[in-house]
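Everything on this sheet refers to the single structure shown next.
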There are 2 protein chains.
Amino acid sequence: MTMPGTPPAAAHGVATAGTGDLLSRVSIGRISEVIVDQVRLLIRQGRLVAGDRLPSERELCERFGVSRVTVREALRVLEANGLVEIRVGARGGAFVTAPSSRLVGEGIVDLISLASITAVEVTEARMVFELGVVPLVCERATEEDIAALYDICDRSDAALTSEAYPLELSAEWHTRFAGSAHNRAVTMFVESLHAPLLRSLERAREAAPAHGRHGVEEHRALVGAITQRDVEAATALMNTHLRRTADRVGATAVAHD
Amino acid sequence: MTMPGTPPAAAHGVATAGTGDLLSRVSIGRISEVIVDQVRLLIRQGRLVAGDRLPSERELCERFGVSRVTVREALRVLEANGLVEIRVGARGGAFVTAPSSRLVGEGIVDLISLASITAVEVTEARMVFELGVVPLVCERATEEDIAALYDICDRSDAALTSEAYPLELSAEWHTRFAGSAHNRAVTMFVESLHAPLLRSLERAREAAPAHGRHGVEEHRALVGAITQRDVEAATALMNTHLRRTADRVGATAVAHD
DNA sequence: GTCATCCTAAGGTCAGACCACGGCGTACGG
DNA sequence: CCGTACGCCGTGGTCTGACCTTAGGATGAC
């Protein structure tokens, strides 16, 4: 059906005759790329939604008129982009995934490790965001939110007495805090900053001993301010709290240079 | 060398006999995934840096003891993650590249559309971010930044007289504004919030010249405040400016429900 | 010296095969 | 009658070996 080296005509639809206008860049590059774009478009348009199952690899081959290798490479890219999840076995296949911030976070980590962005910049972005979100949280935090935040504080205290304060708990608190703004875009951003932040903090902790107890106290005070719906107090608290972290990250970054 | 269906022994190393202890989880999942992790680790450790060239596909096959298909799938994933760039032809191959924040931004856009996050939420996230960034911009904006912002205002005026004020110009102004904070993480986030796809979400017919003219005036006033390094004035201006947008979006969203 | 041509190493694609996984139906045993 | 065990078969995962296209660089003619 398809011959090696003969891209499917439908795939690029370059005008071979009859058009007098500019021949637009025909460098089709990769066939798998075309497939990726098609699927991604369908997802962005909402014509494919989370949970939907793409046709099987072999069926996609026929559909696109390409070999299985090509289809598989396309699926691999979609999977790497977090758009589909591939399950094997009967009833397997490529399923459009439920959205997750994990991959974006990983991407940011990569950005940092390849020096496209510095940890200082990420920390600063985090400050901007978490500080700006305080008013929203004050306005919208429910009793459940507050209980959950206090719970994390309790667990942090427990962890502290057992001398191992996991940074994860701090990160969890901040994520939960932002989540209390009840805005999914905001939540997503903060979640994606989760992984990079942990990494920077680990590095910071190597350089200087951690300050666990102090941080937890501030967390608790912040929840108190939220409970009182006291925007100014909460903002001030968050500001000093974040600034200390930022300073630590900044110090290690400078020392690292 | 390797037989079909016979994964390289080194890959899983499951003890088939003689070991009485726990057989540790052997589900290696995918071989290509292992390769991806290895390369990614090398990059994160800094043992591979931007510009380095990985061995050719055929050489990697030998090195890992797998087929070319598998190696290619791994490279495809690395490429999709922006970690390597693949060049064809003589002197071609996979080159380690500093991932652009563009790719991560794309991921954010995908995430937002996949989670079907509403325009209201996106706008609110914008408010948080762009408002919080004002102090940074006041502090760091260069003369070039200011000139560029004024230029966009001029072009907006021109577009307005020809009665078509494109949302694109507004988006351009806002991204350029955030860019003046000279923090690439912030820039990335704001850019992704202004992605074309999301803008189309905001169906609000900005066409109304009244709105347009008003907006451009505010843009101009904002640049003025930035020039004076007047944080408070700038923040106030940005606040009213964004709030109007938010109200408009909110109104259409409500009408849409 | 300059240009056109060929060479060659690299990625891109194909076809067909086999294996591992896993849901589901069926057949067997209780 | 019910429950379990086995096996079918569709699905992704991998391998092989071949061919094509691309694009530097070498080689030769002018």
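Residue numbers begin at 1 in each chain, while the letters A, B, ... track the order of the sequences.
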Protein-nucleotides 6-11 of chain C N/O pairs closer than 3.5 Å?
unit_1, atom_1, unit_2, atom_2, d
dG11(C), OP1, E57(B), N, 3.3
dG11(C), OP2, E57(B), N, 3.0
dG11(C), N7, R58(B), NH1, 2.8
dG11(C), N7, R68(B), NH2, 3.4
dG11(C), O6, R58(B), NH2, 3.3

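Take E202(A) and apply the side-chain hydrogen bond (donor to acceptor under 3.5 Å, both in side chains) test, not counting sequence neighbours, and it matches no residue. Partners of R87(A) according to the salt bridge (charged side-chain N to carboxylate O under 4.0 Å, His left out) rule, which considers only residues two or more places apart in sequence or in another chain, are E85(A). For R176(B), the side-chain contact (heavy atoms from CB on, under 4.5 Å) partners at least two apart in sequence or on another chain are D145(B), A148(B), L149(B), I152(B), S180(B). Applying the salt bridge (charged side-chain N to carboxylate O under 4.0 Å, His left out) rule to D52(A) yields no partners; only residues at least two apart in sequence or on another chain are considered.
E62(A) places its CD atom 14 Å from the P atom of dG10(D), with the value rounded to the nearest Å. Note: CD1 (I31(A)) to P (dC20(D)) measures 15 Å, nearest angstrom.
Look at T70(A) and you'll find a side-chain N or O under 4.0 angstrom from OP1 or OP2 of dC14(C).
Applying the salt bridge (Lys or Arg N to Asp or Glu O under 4.0 Å) test to residues at least two apart or on different chains, the pairs with a partner in residues 89-109 of chain B are R44(A)-E106(B).
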